[in-house]
Amino acid sequence: MIPSGPSTSSTGAPAVAEATEQGPKNPRVSSVTVQLEMKALWEEFNQLGTEMIVTKAGRRMFPTFQVKILGMDTLADYALLMDFVPLDDKRYRYAFHSSAWLVAGKADPATPGRVHFHPDSPAKGAQWMRQIVSFDKLKLTNNLLDDNGHIILNSMHRYQPRFHVVFVDPRKDSERYAQENFKSFIFAETQFMAVTAYQNHRITQLKIASNPFAKGFRESDPDSWPISPWPLLSVPTRSRSSLSPCLLKGSDEHEKDPNKAFTSRTPARLHHQLLAPTEALLAPATYPPLTYQGLYPGASSPVRPRARPTPYPLPNIQADRGQGGLPLPAGLGLLSPTAMCLGPGQDPQ
């Protein structure tokens with residue numbers, strides 16, 4: 001079984017990384033200290049056994065690795081990067097009956113070692129220390145042939161993220177001082193198991209509860225919505241849109257008072273993309289014929305538009321499967337070949 005996560009300092013104290021044994025360092029990196037952000041959340045995941053999803057296309061980490069850096073030379077240039085090292089030489093499996101990780105055998109062959117440079121690197125120390133540094137662009141993948149620069153990991157293996165601060169030495173012979181110009185940091189509470197799907201259901205629940213991008217999972221219960229979502233999918237009784245007569249509006253309540261803020265859980269930018277149900281869109285047309293006065297107000301005589309002849313015979317669609325026709329869903333009509341959309345000045349009867 002996997003040993004439980006190491007004990008850490010009190011929840012209120014900042015998580016300061018333990019610098020690995022690295023020998024003498026350049027003064028511009030020797031005084032650098034790093035604090036882990038969202039320490040309490042990382043500890044909560046670590047107690048359950050953190051799992052990180054890896055996919056072929058690459059998946060971002062949650063919690064996101066974020067740090068606060070102190071002690072840099074404000075005028076010196078630094079590059080920040082991360083890599084991931086295996087915690088052991090074993091492969092694991094999850095036992096659902098005991099809710100525990102068990103050793104399943106020896107580790108798979110090592111994946112290609114990669115590092116992830118922070119996209120703002122290099123930058124002055126003053127810039128790095130001005131705000132929290134977030135590695136939200138970092139992605140994990142299990143694709144050994146990945147060419148997008150993602151971190152390649154083996155599923156069902158344990159890994160430890162490492163954070164590195166590298167001083168960009170302006171000297172021409174800076175290669176001679178490469179070992180002195182960087183400092184590495186490890187946060188034990190950030191270790192995780194790479195998986196293609198969450199194994200521990202408690203990890204799934206904690207990710208949904210704490211990830212701001214999982215809002216849809218937390219609010220999927222329709223009973224908790226302030227208003228019913230169905231009016232958003234209904235056909236309005238009267239369309240006032242001048243942009244396109246075929247676009248459907250939102251709820252009737254919003255049409256009556258456009259200044260009233262939406263209380264629906266649905267994002268406002270998606271309201272204009274919601275269409276009527278399939279039954280309403282495929283129902284037989286009940287609109288009046290398009291008139292000449294509707295297009296040109298003031299015209300003297302109505303002119304009914306002619307139906308343009310089809311360039312080829314229309315197939316004889318029948319609902320009887322036994323006669324070789326296409327089966328039609330019950331309750332659905334078909335759009336007429338000459339069905340038209342209402343003009344800007346027309347209202348449905």
Side-chain angles (χ1 to χ4, degrees), residues 1-5 36 38 41-67 80-119 121 133-164 184-214 216-217:
M1 295 178 60
I2 292 181
S4 58
L36 178 66
M38 299 188 297
L41 183 60
W42 277 106
E43 287 181 347
E44 191 173 0
F45 274 104
N46 189 44
Q47 291 175 0
L48 298 176
T50 310
E51 300 175 17
M52 294 289 179
I53 295 290
V54 294
T55 63
K56 294 296 183 183
R59 178 71 66 88
R60 288 187 172 93
M61 297 174 58
F62 184 83
T64 304
F65 190 89
Q66 298 177 336
V67 293
L80 305 183
L81 56 141
M82 288 185 65
D83 66 350
F84 296 76
V85 294
L87 278 171
D88 49 44
D89 59 349
K90 298 178 177 60
R91 178 170 48 87
Y92 293 86
R93 66 178 179 88
Y94 189 76
F96 292 94
H97 65 278
S98 59
S99 299
W101 287 95
L102 304 177
V103 176
K106 295 188 62 176
D108 295 334
T111 57
R114 286 184 174 180
V115 296
H116 174 85
F117 279 83
H118 193 281
S121 299
V133 178
S134 177
F135 283 82
D136 54 350
K137 303 297 183 183
L138 186 151
K139 289 187 177 182
L140 309 178
T141 182
N142 58 350
N143 182 11
L144 298 178
L145 303 178
D146 174 77
D147 58 355
N148 297 311
H150 302 329
I151 299 295
I152 303 176
L153 304 178
N154 281 324
S155 178
M156 299 300 185
H157 291 64
R158 299 175 65 206
Y159 291 93
Q160 172 65 62
R162 296 191 304 182
F163 175 66
H164 309 277
S184 300
F185 301 87
I186 290 178
F187 296 94
E189 56 265 49
T190 61
Q191 60 186 240
F192 62 87
M193 182 76 69
V195 296
T196 55
Y198 293 126
Q199 306 295 304
N200 188 345
H201 71 279
R202 292 177 295 178
I203 290 292
T204 305
Q205 295 172 353
L206 184 56
K207 295 239 181 184
I208 292 176
S210 54
N211 190 345
F213 294 100
F217 291 94

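Quick caveat, the model's predicted, so the values are computed rather than measured.
In terms of modelled atom types and a separation under 3.5 Å, the side chain of Q160 and the main chain of E189 share no donor-acceptor contact. Although no hydrogens or angles enter the test, the distance criterion places no donor-acceptor pair under 3.5 Å between the side chain of Q47 and the main chain of E44. One N or O on the side chain of T141 and one on the backbone of T55 form a donor-acceptor pair closer than 3.5 Å.
Expressed to the nearest 0.5 Å, how far NE2 of H157 lies from CG of D88 amounts to 8.5 Å. In this structure, L102 CG and K90 NZ are separated by 13.0 Å, a value rounded to the nearest 0.5 Å. For the atom pair OG of S99 and CG of L48, the computed distance is 10.5 Å after rounding to the nearest 0.5 Å. R158 contributes atom CZ, which lies 15.0 Å from atom CZ of F84 (distance to the nearest 0.5 angstrom).
Between L80 and F135, some side-chain heavy-atom pair lies under the 4.5 Å cut-off. Contact annotation: the side chain of F65 never approaches that of L138 to less than 4.5 Å [non-hydrogen atoms, C-beta and beyond]. Residues F185 and V67 are not in side-chain contact: their nearest non-hydrogen atoms beyond the backbone lie 4.5 Å or more apart. Residues I151 and Y159 have side chains not in contact (no heavy-atom distance under 4.5 Å, counting atoms from C-beta outward). Residues P161 and M82 form a side-chain contact, since some pair of their non-hydrogen atoms from C-beta on lies under 4.5 Å apart. A 4.5 Å side-chain heavy-atom check between M61 and K139 finds every atom pair outside the cut-off.
Under the salt bridge (charged side-chain N to carboxylate O under 4.0 Å, His left out) criterion, R59 pairs with no residue at all, not counting sequence neighbours. In terms of the ring-ring contact (aromatic ring centres under 6.0 Å, His included) criterion, residue partners of Y94 (sequence neighbours excluded) are, by chain and number, F96, W101. Partners of D136 by side-chain hydrogen bond (donor to acceptor under 3.5 Å, both in side chains), not counting sequence neighbours: none found.
F45 and F62 have perpendicular rings, their planes meeting at more than 60° on a 0 to 90° scale where under 30° would count as parallel.
Scanning all heavy atoms of the two residues, the minimum distance from F187 to T190 falls at O-OG1, 2.6 Å. Closest non-hydrogen pair, M38 versus T64, comes out as CE-O, 3.3 Å. Residues N142 and K56 come closest through the heavy atom pair OD1-N, 3.4 Å. Taking all atoms of both residues into account, the shortest heavy-atom contact from K106 to R91 is O-CB, 3.5 Å.
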Using a 3.5 Å cut-off and no angle test, enumerate the donor-acceptor pairs between side-chain atoms of residues 196-205 and protein atoms at least two apart in sequence or in another chain.
{"residue": "Y198", "atom": "OH", "partner": "K207", "partner atom": "NZ", "Å": "3.3"}
{"residue": "Q199", "atom": "NE2", "partner": "A197", "partner atom": "O", "Å": "2.7"}
{"residue": "N200", "atom": "OD1", "partner": "R202", "partner atom": "N", "Å": "3.0"}

In a table with atom names and distances, give each donor-acceptor pair under 3.5 Å that connects a side chain of residues 109-118 to protein atoms at least two apart or in another chain.
{"residue": "T111", "atom": "OG1", "partner": "I152", "partner atom": "O", "Å": "2.9"}
{"residue": "R114", "atom": "NH1", "partner": "D146", "partner atom": "OD2", "Å": "2.7"}
{"residue": "R114", "atom": "NH1", "partner": "H150", "partner atom": "O", "Å": "2.8"}
{"residue": "R114", "atom": "NH2", "partner": "D146", "partner atom": "O", "Å": "2.6"}
{"residue": "H118", "atom": "ND1", "partner": "D120", "partner atom": "N", "Å": "3.1"}
{"residue": "H118", "atom": "NE2", "partner": "S134", "partner atom": "O", "Å": "3.0"}

F192 and L153: CA distance, side-chain angles, deciding distance, side chain to side chain contact (heavy atoms under 4.5 Å, CB included) verdict = CA-CA 11 Å; F192 62 87; L153 304 178; 3.8 Å; yes
Please lay out, stage by stage, how V195 and M156 fare under the test side chain to side chain contact (heavy atoms under 4.5 Å, CB included).
-> CA-CA 5 Å; V195 296; M156 299 300 185; 4.3 Å; yes
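Counting only residues at least two apart or on different chains, no salt bridge (Lys or Arg N to Asp or Glu O under 4.0 Å) pair has a member in residues 190-201.
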